[in-house]
Amino acid sequence: MNDNGPSMGTLFTDAAWRQNTGLVVLLGLCPLLAVSGTVINGLGLGLATTFVLLVSNLSVSLLRGWLRPEIRIPAFVLIIASAVTAIDLLMQAWFHDLYSVLGIFIPLIVTNCAIIGRAEAFAARNRPLAAAVDGIGTGLGFCLTLVALGALRELAGHGTLFAGAEMMFGDWARHIEIPVIPNHPGFLLAILPPGAFIGLGLLIAARNALLARRERRQAEPLSTERPTLGEQA
C-alpha cells in the first residue's frame, strides 16, 4: 500500500461493510447457512474464520516477495490449511463442546472462497499492516453476519438469545441466556436450512434498504427558504 492509498479505517470499513463477505460478495455461504442456528454457533465459527483470515493475509503479505507466480495458489492453500489446523486443534482442546457442535465446518474453513480470495486479491499485493487490517475487517464482517443471522434464527426458532453460551464462556454463562419469548412453541422452519436462506435474504434486504434510505437523505437539497409569517402562524 503506497502513501497515497486509502487509510486503515477505510480499508477496514470496506472489508467489513461495503464488501461484506456474507451480505454483498456472497462467498462462504455453506458454513454461514449450516451452523447459524444460534448466536453462539455463529460467534464461534465467525471468530475462528477471523483468526484464519488474519493469519493467512499476514503470512501471504510477508512472503509475497518470495512466492513465484506459478506456485502462489498452492502456497496460499498451504498457509490457510496450516492456520485452520491450528484453530481446529485449539478449539478441540479449549472449547470442545462448541467444537463438537460446529463439527466438520471448522476444518472446512480451508475451503472458504473468501479467504483465498482475499489472499490473492489483496494480501499478495499489499504490505503486512494493510493485509492484516483487511483480514480482520473481512473476518469481523463475516462474524457479525453470522451472529445477526444466528440471532434471527434462534429468536424465531426457540424464542431465546445466547442459548449454549456456556460452550464458549464456561459454566457461569448459563445465566446469560435470554428467554425473549417465554413459552415459545418453536418455529421449525427457522432452524432448518430453508430458514437460513430466508433469514439471509432478510438481512440483505435490510442492508439494501438502509443504504437506499441514506442515499435519499444525501440527495435531498437543503431548503434555504424561510417560512412566511402565515406559515409560522
Side-chain angles (χ1 to χ4, degrees), residues 6-50 53-54 102 105 109 112-115 117-118 121-122 133-165 176-182 184-225:
S7 66
M8 292 299 118
T10 302
L11 283 178
F12 181 85
T13 306
D14 284 343
W17 176 247
R18 298 188 185 94
Q19 297 297 323
N20 185 282
T21 302
L23 300 179
V24 180
V25 186
L26 301 182
L27 290 177
L29 295 187
C30 292
L32 189 148
L33 298 173
V35 301
S36 59
T38 67
V39 173
I40 296 302
N41 288 358
L43 182 62
L45 185 63
L47 291 178
T49 306
T50 301
L53 269 163
L54 172 61
L102 297 179
F105 289 99
I109 292 175
N112 192 316
C113 303
I115 299 176
R118 297 316 298 170
F122 192 90
V133 171
D134 180 79
I136 294 174
T138 303
L140 290 182
F142 185 69
C143 182
L144 289 176
T145 303
L146 277 169
V147 170
L149 183 58
L152 188 64
R153 296 180 67 191
E154 183 181 344
L155 191 60
H158 303 289
T160 63
L161 288 175
F162 301 107
I176 70 173
E177 179 178 339
I178 304 173
V180 181
I181 308 175
H184 182 49
F187 184 42
L188 181 61
L189 178 63
I191 58 177
L192 294 178
F197 279 102
I198 295 172
L200 182 63
L202 291 175
L203 291 179
I204 294 173
R207 181 186 183 279
N208 292 339
L210 179 64
L211 292 178
R213 182 181 180 185
R214 181 183 300 174
E215 290 177 356
R216 283 198 302 272
R217 285 187 173 181
Q218 292 176 347
E220 291 177 354
L222 294 176
S223 176
T224 58
E225 296 181 356

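Side-chain contact between S36 and N41 is absent, with no heavy atoms from C-beta onward closer than 4.5 Å. Between R207 and W17, the closest side-chain pair of non-hydrogen atoms falls below 4.5 Å. A 4.5 Å side-chain heavy-atom check between F142 and L53 finds every atom pair outside the cut-off. For the pair R118/D134, a side-chain contact is recorded, criterion being any heavy-atom separation below 4.5 Å from C-beta on. Within the 4.5 Å cutoff, side-chain heavy atoms of L189 are placed close to those of P194. Contact of the V25 side chain with the N20 side chain is not registered, since no non-hydrogen atoms from C-beta on lie closer than 4.5 Å. Between L23 and L203, the closest side-chain pair of non-hydrogen atoms falls below 4.5 Å.
Residues R153 and L192 share a closest heavy-atom pair of NH2-O, 3.3 Å. Across all non-hydrogen atoms, the minimal contact from I109 to A48 is CD1-CB, 3.9 Å. Considering all non-hydrogen atoms of both residues, L102 and G44 come closest at CD1-C, 4.1 Å. Considering every non-hydrogen atom in both F105 and L45, the closest pair reads O-CD1, 3.8 Å. Minimum interatomic distance between I176 and A165 (heavy atoms only, all atoms of both residues): CD1-CB, 3.5 Å. Scanning both residues, F12 and I136, for their nearest heavy atoms gives CE1-CG2, 4.0 Å.
With rounding to the nearest 0.5 Å, the separation of CG in L54 from OG1 in T50 is 9.0 Å. The structure places CZ of F187 at 12.0 Å from CG of L155, a figure rounded to the nearest 0.5 Å. Rounded to the nearest 0.5 angstrom, E215 CD and Q218 CD are separated by 7.0 Å. Rounded to the nearest 0.5 angstrom, T21 OG1 and L29 CG are separated by 9.5 Å.
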Item to complete: Test T13 against R18 for side-chain contact (heavy atoms from CB on, under 4.5 Å), laying out the working first.
Response: CA-CA 7 Å; T13 306; R18 298 188 185 94; 3.4 Å; yes
Practice prompt. For L161 and T38, run side-chain contact (heavy atoms from CB on, under 4.5 Å): C-alpha distance rounded to whole Å, both residues' side-chain angles, the deciding distance at 0.1 Å, then the answer.
Written response: CA-CA 7 Å; L161 288 175; T38 67; over 6 Å; no
Practice prompt. For side-chain contact (heavy atoms from CB on, under 4.5 Å), just list the numbers for I178 and T160, CA-CA rounded to whole Å, side-chain angles, deciding distance to a tenth of an Å, and then say yes or no.
Written response: CA-CA 5 Å; I178 304 173; T160 63; over 6 Å; no
Discussion item. Go through it in stages, so that I can follow the logic: the residues are L146 and L43, the test is side-chain contact (heavy atoms from CB on, under 4.5 Å), and I'd like the CA-CA distance, side-chain angles, deciding distance and then a yes or no.
Written reply: CA-CA 7 Å; L146 277 169; L43 182 62; over 6 Å; no
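Within the 3.5 Å criterion, the main-chain N or O of A156 finds a donor-acceptor partner in the side chain of H184. With hydrogens and angles ignored, the 3.5 Å screen pairs no side-chain donor or acceptor of Q19 with any backbone N or O of D14.
For the residue pair S7/T10, the side-chain donor-acceptor check at 3.5 Å is satisfied.
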